[in-house]
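Everything on this sheet refers to the single structure shown next.
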Amino acid sequence: MNPFYVKRANLPRNMIENSMFEEEPDVVDLAKDSTAFPVYPYEVVYEPRSSRLLVRGLGENDMDEDEEDCESSARLLGMSFMNRSSAHRSNSSPYTRQAPPRSCSRPSARTMVVCVLFLVIVASMTMVLYFLPGYFLLFVCHTNKTTPIETVYPISTNGKLFPWAQFRLPQSIHPLSYDLTLTPNLDDMTFTGRTVINMSVHHNTNCIVLHGANLNITKATFKVGLEGYKPRQQIAVKVSDDLKTGQYCVLTLHYSANLSHTYDGFYNSSYTDKDGKKRVLAATQFEPLSARKAFPCFDEPAFKATFQIQIIRKPNYMTLSNMPKAKSTTLTSGLVQDEFEKTSVKMSTYLVAFIVADFTPISKNVSKTLVSVYSVPEKKEHTDYALSTASKLLEFYNNFFEIDYPLKKLDLVAIPDFLAGAMENWGLITFRETSLLVGKQSSPLEKQVVASVIAHELAHQWFGNLVTMSWWNDLWLNEGFATYMQYMSLQTVFPKLDIGNLFLAVRFRALDKDALNSSHAVSTEVNTPEQVEEMFDSVSYEKGASILLMLNACLLGEQQFRKGIIQYLDQFNESNTDTDGLWNSLTQVSTQHLNVSEMMNSWTSQKGFPLVTVSRKGDQVTLTQEHFLLTSDNTTHTSSLWNIPVTYVNDSCSLAPECRQVFTLKTKSGTLKLPESVKWLKLNYRNTGFYIVHYGDEGWDALTAALHSNVSVLTHEDRASLIHNIFALSRLGRVSFHQVLSLLNYMSNETETSPVTEALLQLSNIYRLLDKRQEHGLVSRMKDYILDHFRSLMDKQTWEEEESVSKQELRSALLEMACSLNEENCTQKAKALFKDLYMCSSCMYTCRIPGDLQRVVFTVAAQSDEDWDTLLHMYAHATYDAEKRKMLQGLASTQNARRLVWILKAGLNGDLIQTQELPLVISRVCNGFTGYLFVWDFIQENWDQLIEKFPVGSFAIQTIIKSATSQFSTQAHLDQVQGFFSGLKERGSQMRSVQEALETIRLNRRWMDQNLSTLRKWL
Ligand SMILES: [Zn+2]
């Protein structure tokens, strides 16, 4: 992250040089005249000159300030600090006076005597301890837990020892409530803030450690010294004497900072309005670790608290935050102070949000909640769909969870610059414009995207916001659940959106990633900021959702799963939990006495998934399980076992849900009996389980023959699952590519979306690998192969508006493949449509290409120099974001080297092409042969700029690395990739996605070695 050192006006002379925690050492101004006031409090105690400072610190005025602090603390907390023990007072150093909440009254004469005596003892002990090796331990935070003697304390910003040595914060102090006042200045892109934190003491301690990043702390109360440790973004507030268990205290920090110019923290964003004028705004994105960039806080999900937020703005802006606005006051400066209601729920810091902008809303009441959708004024007409969708889904979730959404309002806001798809801030969900805005003529497929994102973020209001994972290791409890609920709710509320195909495809991709040795367990240890970022991956989201689907499918009836979820939400309402908490809730409601914990732990605590191999002798079917691991050698061999609810159907009954039978495979192998008359078995009915099945040569032959004679003997999900599994087994080396091709021979009779799209995806992966290896002969044979098998289906596709989502998915996949293979019918039609569109727009008519076909049309257009320029012109003037994004994908698919370089640079600069789109641009550029080599150079040259825009480990960086490297298949490329990333050190060499990239290249190389000759023979 880029640290911002803002102007240093108004800071006392004794501020810490080069510190991100620049500070006035104490609110009581002990060192008003001193140029050498020690930053670290213990020096005050132990050095003779400090006693002068101590005496100065006891002035009358200071006492008043102390008293005021105590009073306000008590007011805020609604209580007095009655639990101070006399023992505590006698232990106090004279600094007690500067620790407001605990020492409201002047020390008595007796206390003073005791204090002086105590000081003498301490001073003599210090003389001894100073020369002992353990000396430094005196200077560290102590909590009830004894700190191991070998702990190495880091050096803080000003060269002293930082008193806390761990990534996680100590548990001694818990925040109860925050009072935040923020004054953003959108003219010079800075802000100032005041944060008041009320806390309770859980264990005796002598300091408060919390988070803060890139904040210049200008003033703080309740402290004797303040230290910063930048690498962990921690601040330690040293208190003069121990805070005792059960006490309450208040910390106030004033600070200033720059608005971030990346996509996290309190960041600035801008857009150009319809008059061509640049408009600026400020918004927040705190998940996972960036609340600390906007205000000092205990920035871990388990430190839940309430928040009261005030924002001071210019009159021409509006503000939004998690809660409804309570009042607005015009200040003498002419600025307006908006005060929001205090949050009615306790929440984690990463869910706090605020926005200063000039947005306009549309609103609607849904039971007790006012739902609003906000956008920039000129896009207001694109907000209707989001409002009606959010309203219906809110109603659905209120009923489904039997717990009403707890806030009075729910805002959904489209932000012009936004990196993620959306963010579930409680009561103030923020979105990318393409994830929220839908034009009047939008296609059902575009609506599906928006509805999915809304359904996901709304589910988070329960999973994540109401019940939160205790730590990021269990991120899947948030993301896996929200992903699962997103598909489940859409299937119920909007069946026409046909979300099932998408969910199936997503489960296949999760299997692909989890088959790598570089994958990780769903619930996995997380100890660094990069590891936190890396948790936002397909294992937490898609594998998480997949194992929930599997569990739901093996519980008796939807209602049991639902009951378990309700129980879980009830039990952990407004608090935090972990994976065990969820499984225990589900075990409690299981009527079939299923030990959910036992079963599901095998899926969450170890990485990967099982390969189930079927072998049959007469009526005996033996199922064997092993870890499906693409890279397996002696060092990676695992003896992992899963508790697998294996489902199966056979040729006598294979379609209806009643046909499904279940066999639980917990051990290495198990046997089931079947009537001898059964011709074939299909396991993993409708692919609801998270495993891959190998049927053995005979089993595959029987299934292949069955599909040849009648496609409809299996559900379309089962057909797609066979296709996915056989390609995966070929990659594993368990089936020959010849067997893959035999199965695919049935494809000429296939018309359903999910099997066709899965087959096309798998074939295009191979096609691209061959293309990148410049195996020209094989590339052209592969092209013929694909066209032979899919041409008749391609030719049947129409280019007019299509209502069915499933048909849109099918035709866009087929036509994109056909046009990318230069199939004449396809490219001619696409060119003609583009010409029509251009003519229409220049004659001021409105005509439109169906949403699902825009990408293919723009991609074909971008291959000609003239049309590329036209498309760029259209892109620059387009306002509807979904369409604009497809134009960008078209532009990025050019094979013209000069244009490719331009587009990558433009994405990095962020002027014409927003930097948020760079991962998309890169993945698109990589599809082509010219582009993928450019991208690799581009990434190496611009790495530092990339990680400045996107955090190391983030989903954006994961995408960029994957796009750039996943098509390499040679030793030379492997060496290059390895060499580059290992040279990065702390700038990214430790990322899991780097391991994944290297493993993928090795696998590609192996696949090529093993299959090139087969391909030459069989294609
Ligand atoms: Zn999410």
Side-chain angles (χ1 to χ4, degrees), residues 263-264 284-291 301 322 347-353 386 389-390 393-394 396-397 401 405 410-415 418-432 434-436 448-490 499 502-503 506-507 509-510 513 522-523 526 532-549 565 568-569 576-577 579 582 916 919 951 953-956 958-959:
Y263 296 98
D264 62 342
T284 55
Q285 166 63 40
F286 291 161
E287 193 181 28
L289 308 176
S290 295
N322 305 80
M347 56 194 245
S348 305
T349 43
Y350 78 90
L351 292 168
V352 174
T389 305
L393 286 167
L394 182 63
F396 170 81
Y397 285 137
F401 297 133
Y405 170 78
L410 173 65
D411 297 332
L412 296 88
V413 187
I415 312 266
F418 197 83
L419 186 58
M423 174 62 211
E424 69 265 22
N425 315 302
W426 216 340
L428 181 62
I429 309 177
T430 44
F431 294 77
R432 227 177 225 244
T434 40
S435 311
L436 190 67
Q448 190 202 57
V449 172
V450 168
S452 295
V453 181
I454 294 177
H456 180 102
E457 302 310 327
L458 281 189
H460 270 312
Q461 307 300 307
W462 287 263
F463 289 100
N465 299 12
L466 198 62
V467 176
T468 315
M469 75 263 144
S470 295
W471 179 240
W472 300 106
N473 65 320
D474 277 328
L475 178 67
W476 87 277
L477 286 177
N478 279 13
E479 298 303 347
F481 246 112
T483 307
Y484 176 72
M485 289 309 300
Q486 142 194 1
Y487 295 115
M488 200 275 263
S489 64
L490 289 191
I499 201 73
L502 184 62
F503 190 21
V506 148
R507 302 202 296 274
R509 301 295 78 78
K513 173 164 167 139
V522 168
S523 183
V526 170
V532 172
E533 293 282 354
E534 284 188 317
M535 289 305 282
F536 293 79
D537 70 355
S538 79
V539 172
S540 298
Y541 284 72
E542 280 89 24
K543 183 178 179 182
S546 305
I547 61 172
L548 289 171
L549 174 74
I565 291 176
Y568 167 79
L569 290 172
N576 297 76
T577 185
T579 300
L582 173 67
Q916 66 184 15
S954 63
F955 192 70
Q958 292 172 37
T959 308

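Order of listing sets the numbers, starting from 1, for every ligand and every atom in it.
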May I have the step-by-step check of side chain to side chain contact (heavy atoms under 4.5 Å, CB included) for Met485 and Phe401, ending in yes or no? CA-CA 11 Å; Met485 289 309 300; Phe401 297 133; 3.7 Å; yes
Suppose the cut-off is 2.8 Å; which protein N/O/S atoms would you list for the Zn ion (ligand 1)?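 Short answer, with waters excluded from the count: His456 NE2, His460 NE2, Glu479 OE1.
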The test is ring-ring contact (aromatic ring centres under 6.0 Å, His included); show your working for Tyr397 and Phe463 and say whether it passes. CA-CA 11 Å; Tyr397 285 137; Phe463 289 100; 8.7 Å; no
Classify the angle between the aromatic ring planes of Tyr487 and Phe503 as parallel (below 30°), tilted (30 to 60°) or perpendicular (above 60°).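 Tyr487 and Phe503: parallel rings.
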Using 30° and 60° as the class boundaries, would you call the ring planes of Phe536 and Tyr541 parallel, tilted or perpendicular?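 Judged by the thresholds at 30° and 60°, the geometry between Phe536 and Tyr541 is tilted.
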Would you say that Val467 contacts Thr577 through its side chain, given a criterion of any heavy-atom pair below 4.5 Å between the two side chains?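 Touching, per the 4.5 Å side-chain cut-off.
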Met347 and its side-chain contact (heavy atoms from CB on, under 4.5 Å) partner, picked from Thr468, Val352, Asn465: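 Among Thr468, Val352, Asn465, the one that satisfies the side-chain contact (heavy atoms from CB on, under 4.5 Å) with Met347 is Val352.
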